[in-house]
Amino acid sequence: MNNGLMIAQLPVADWVEKFTDWLTTNWAGFFDVLQNFGKSLMNGITAGLIAIPPLVFILVLTVAAFFVSKKRWGLTAFTLLGLLYIYNQGLWADLMNTITLVLLSSLLSIIIGVPLGIWMAKSNRARIVITPILDFMQTMPGFVYLIPAVAFFGIGIVPGLFASIIFALPPTVRMTNLGIRGVPQDLVEAADSFGSTGWQKLTKVELPLAKNTIMAGINQTTMLALSMVVIASMIGAPGLGRGVLQALQRAQVGSGFVNGLALVVLAIIIDRFTQYLNQPKANKTKTPAQKKRQRYWTIAGLVAALGLVGSSVVYNQQQTQSQNKGTLNLSYVEWDTEVASTNVIAEVLRQEGYDVKTTPLDNAIMWESVAKGESDAMVGAWLPNTQAAQYKKYKKDVVNLGTNLSGAKVGLVVPKYMTDVNSIADLNGQANQTITGIEPGAGVVAAAEKAQQTYPNLKDWQVSTSSSGAMTVALGKAIKQKEPIVITGWSPHWMFSKYDLKYLKDPAGAMGQAETIKTMVRKGLKQDQPEAYQILDNFHWSVKDMETVMLQIHNGTAPEKAAKAWIKAHPKQVKAWTDVK
């Protein structure tokens, strides 16, 4: 029975892949327009917010909290202290990026969701069709939305916006439908008896009475949009979520707490603002003069906001054009090796006059971003084994500048106190028959799975995937307690400087041979930025160099500061990279 069902398995994955390929091929122009417009709009909003002096922004929002909360000091004090904390921790620019993503995704969700909810309330047929779609949107894991988002819009804040809207939209639709259907029937009949049109009945009776329910849905939509911030950072969306993701992947508890607390502060402020705005207002009749004055102030505020955004965009563009040689986008995986190398070469390029942006991405997305030209370069291509699959897929769409580090190695690693194990063939029941790995899909994990199939003694073992940070935490804990542990290791890595470790011999060669780390750039970079292209081509250093930077970062030094310190200590080596003829 089961075999028969498996034979008749529906090729759902193939159908979805073909449909996605069809969309990206035939609607590429449409998606490009949306991406460019969305990117310009969101960057403009963020630039406008950043242009406001932080202390002025904090003061204005604190005063707003005072009046929104009807002159209560709880929300007022929390807003002041919370925003000062974020500013103090150097997270202000990340906060502005997060606010842009949350507000725009919430606004678009409301613009789409309220009409859909009204349609559901007015039409049972629409409700029957839309309800299962909303069920699908709410129950599908948020990570899944990242896949089509990248396929349609590439990397950055726009695909993050797309995924956030899909994930956050359902509450507004459902609560709008529920609120309008909950309006007392006798009031609806009374409106009909007075000859109200459908529009008058909706705007004068149903929506005002359903306002509290609709606002509750909007509140939930905003909170869901905020919850997508960390997930969206996996595809390059900037903001506070990126700091949380980096801390997770590096197992930095303190940094994760700082960024997470900033998100908590923002979430509470947004939640309390929307709740207070949903409270009933006192019945005060405004005179025509007061209404006219209120309209003027509203229009003036909108004009000022639009002017600020526009002027900030123009100013930033002028500054970029006048103060640097151009903008370069470097992408990397949150592996300790790539954090070190990317920050070093980025700082070198900055000192040469370039505006360099670094974006942490998933391994596969990093390769795709360079192949599509969304990223200019990456300096973390592990070949010929670890990233062989990605290189095979994208090698026709990238330019290989060659090796920037030799002597890299991957394999199964154990502490030296495990004296009874020197080869993979020696493993039997140690470490609960578990190989502790890093991210699923990483080349070293695939090699460990291959070793599991190659060596008969690993038949009953399992490869447990997590992240590189979680793996090093597990390693440190096991070493502290002198417990056996087997990990997927690679060098260069700071753990070899900190702990006494050894590679297990691999007589079958399942883990692959020696590795090199290569630099990949997008096609056309040589023509667009010849000097930067040459610097990237000249970039190369040693395992010892990389481990020096990695260890500093692991010990708590910010990656940018560790990169600057290494550059300052190696002027001749850096000059060889920047000596462009």
Side-chain angles (χ1 to χ4, degrees), residues 34-61 64 82-83 86-87 89-111 149 153-165 168 222 225-246 259 262-263 265-267 269-270 273 301-321 323-324 327-331 355-361 374-375:
L34 288 181
Q35 182 187 20
N36 293 331
F37 174 76
K39 186 177 181 180
S40 299
L41 174 64
M42 298 183 78
N43 287 342
I45 293 173
T46 303
L49 292 173
I50 293 176
I52 303 172
L55 295 179
V56 173
F57 189 98
I58 293 171
L59 179 62
V60 170
L61 205 60
L83 293 177
I86 295 174
Y87 179 53
Q89 295 298 311
L91 299 174
W92 192 256
D94 289 336
L95 175 66
M96 296 301 103
N97 276 294
T98 299
I99 288 176
T100 299
L101 178 59
V102 172
L103 290 186
L104 198 54
S105 60
S106 300
L107 179 61
L108 291 174
S109 295
I110 293 166
I111 292 173
F153 302 108
I155 63 171
I157 198 168
V158 176
L161 175 67
F162 173 81
S164 297
I165 291 173
T222 306
L226 185 58
S227 72
M228 279 293 291
V229 166
V230 177
I231 297 176
S233 66
M234 296 181 65
I235 53 175
L240 295 170
R242 181 177 292 182
V244 175
L245 183 64
Q246 289 175 342
N259 286 273
L263 279 171
V265 169
L266 179 60
I269 291 174
I270 293 175
F273 264 68
L302 290 174
V303 171
L306 292 173
L308 180 62
V309 171
S311 61
S312 299
V313 172
V314 173
Y315 174 77
N316 287 336
Q317 288 178 343
Q318 290 176 345
Q319 290 292 99
T320 299
Q321 293 173 358
Q323 293 183 5
N324 60 65
T327 299
L328 290 171
N329 295 299
L330 304 182
S331 57
D355 177 22
V356 184
K357 299 177 181 178
T358 58
T359 305
L361 297 169
E374 295 165 347
S375 296

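All values below were derived from every heavy atom in this structure, side-chain atoms included, with hydrogens, water molecules and symmetry-related copies excluded.
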Check: Any side-chain heavy atom of L161 sitting closer than 4.5 Å to one from L108?
Finding: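 Answer yes - side chains close enough.
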Checklist line | V102 side chain near V229 side chain, heavy-atom distance below 4.5 Å | finding: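 Touching, per the 4.5 Å side-chain cut-off.
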Distance check, rounded to the nearest 0.5 Å: [X] atom [atom1] versus [Y] atom [atom2]?
X	Y	atom1	atom2	result
N259	L263	CG	CG	7.5 Å
M228	F162	CE	CZ	10.0 Å
T222	I270	OG1	CD1	7.0 Å
L41	N36	CG	CG	12.5 Å
K357	L330	NZ	CG	12.0 Å
L91	I86	CG	CD1	7.0 Å

Margin query: Quick test of your reading: applying side-chain hydrogen bond (donor to acceptor under 3.5 Å, both in side chains), list the pairs with at least one residue in residues 231-244, sequence neighbours left out, ordered by first then second residue.
Written below: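 Listed by first then second residue: nothing to list.
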Can you give the donor-acceptor pairs under 3.5 Å from side chains of residues 92-99 to other protein atoms, not counting sequence neighbours?
residue: N97; atom: ND2; partner: A93; partner atom: O; Å: 3.1
residue: T98; atom: OG1; partner: D94; partner atom: O; Å: 3.0
residue: T98; atom: OG1; partner: L240; partner atom: N; Å: 2.8

Any idea which heavy atoms bring [X] and [Y] closest together, and the distance?
X	Y	result
F273	L61	CZ-O, 4.0 Å
A225	A168	N-CB, 3.7 Å
I235	G160	CD1-N, 4.0 Å

Show me the donor-acceptor pairs within less than 3.5 Å that the side chains of residues 44-57 make with the rest of the protein, sequence neighbours left out.
residue: T46; atom: OG1; partner: M42; partner atom: O; Å: 2.9
residue: T46; atom: OG1; partner: T100; partner atom: OG1; Å: 2.9

